Amino acid sequence: MRAAFLEVANDALGSVAVLVAAAVIAWTGWMRADAVAGLFVAALILPRAAALLRTSGTILLEATPAGLDLDRVREHMAAQPHVRDVHDLHASTVASGLPVLTAHIVLDEGCFRDGHCLVILQALQSCLGQHHEVAFEHCTIQLESESIGRGHREHLHA
């Protein structure tokens, strides 16, 4: 959406620059006014285009949000009651200003029998939305028993 807005704004700016250059040429006869106007428009467009490219590249590469320490997030989640392990932890930004997090959480076996796992899930989601450098409004958390989680321990990518 930002790229579309910049395209329209740049077209409008280009039109104004052409009109100004035409007026300068008509009044003074200085033919290089058109080239100066084009360079002026380009100088205004390039920094915005570079910033847009950087932002879209970060989103497309699913980079971890700036300033977020995933090791600290993992440690904080693992310190919650009944949590045995945290693996397959990923954080990225899927759109401008929309950070998301996914994780597999290994819980005590008893949490699945007594229904306590839903309380833990709610506590983890609340924690992820408030206690870190980046507030995650959207989290996908897979709860696993220890027997299932054993097969995934090598997946500690961030």
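Quick caveat: nothing in here was measured; it's all calculated off a predicted structure. Along the sequence shown, residues carry numbers from 1.
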Which residues pass the side-chain contact (heavy atoms from CB on, under 4.5 Å) test with L121, not counting sequence neighbours? Q125, I141, L143
Who passes side-chain contact (heavy atoms from CB on, under 4.5 Å) against T102, sequence neighbours left out? H90, T140
Do [X] and [Y] belong to the same hydrophobic cluster, where Ile, Leu, Val, Met, Phe, Trp and Tyr are linked whenever their side-chain heavy atoms lie under 4.5 Å apart, directly or via other members?
{"X": "L124", "Y": "L70", "result": "yes"}
{"X": "V134", "Y": "V86", "result": "yes"}
{"X": "L68", "Y": "L89", "result": "yes"}

Ignoring hydrogens and angles, write down the donor-acceptor pairs under 3.5 Å from the side chains of residues 111-119, residues two or more places apart or on other chains.
unit_1	atom_1	unit_2	atom_2	d
D114	OD1	H116	N	2.9

Minimum-distance pair of heavy atoms, taken over all atoms of P47 and A43: CD-O, 3.0 Å
What are the two closest heavy atoms between P99 and A135, and how far apart are they? CG-O, 3.6 Å
Does some side-chain heavy atom of [Y] sit less than 4.5 Å from a side-chain heavy atom of [X]?
{"X": "V83", "Y": "I120", "result": "yes"}
{"X": "L98", "Y": "F136", "result": "no"}
{"X": "I105", "Y": "Q142", "result": "no"}
{"X": "R84", "Y": "D108", "result": "yes"}

Intermediate values then yes/no, side-chain contact (heavy atoms from CB on, under 4.5 Å), T93 and T55: CA-CA 10 Å; T93 304; T55 301; over 6 Å; no
Compile the donor-acceptor pairs under 3.5 Å between side chains in residues 16-41 and protein atoms, sequence neighbours left out, one pair per line.
unit_1	atom_1	unit_2	atom_2	d
T28	OG1	V24	O	2.6
T28	OG1	W30	N	3.2

In terms of heavy-atom contacts, does CD of Q130 have more than 12 from other residues, nucleotides or ligands at under 6.0 Å? yes
Do any N or O atoms from the side chain of S56 and from the backbone of L53 form a donor-acceptor pair under 3.5 angstrom? yes
Test your reading of the model: is there a side-chain donor-acceptor pair from E109 to the backbone of E146, 3.5 Å cut-off? yes
List the steps, then state whether side-chain contact (heavy atoms from CB on, under 4.5 Å) holds for S92 with T64. CA-CA 5 Å; S92 62; T64 302; over 6 Å; no
Find the distance between CG (L128) and NE2 (H138) and round it off to the nearest 0.5 Å. 12.0 Å
Residues in ring-ring contact (aromatic ring centres under 6.0 Å, His included) with H132, at least two apart? H76
Run the side-chain contact (heavy atoms from CB on, under 4.5 Å) test on V106 and H87 for me, step by step, so that the C-alpha distance in whole Å, both residues' side-chain angles and the decisive distance to 0.1 Å come before the verdict. CA-CA 8 Å; V106 178; H87 59 91; 3.8 Å; yes
Tell me, please, which residues at least two apart from R72 pass side chain to side chain donor-acceptor pair (under 3.5 Å). E133
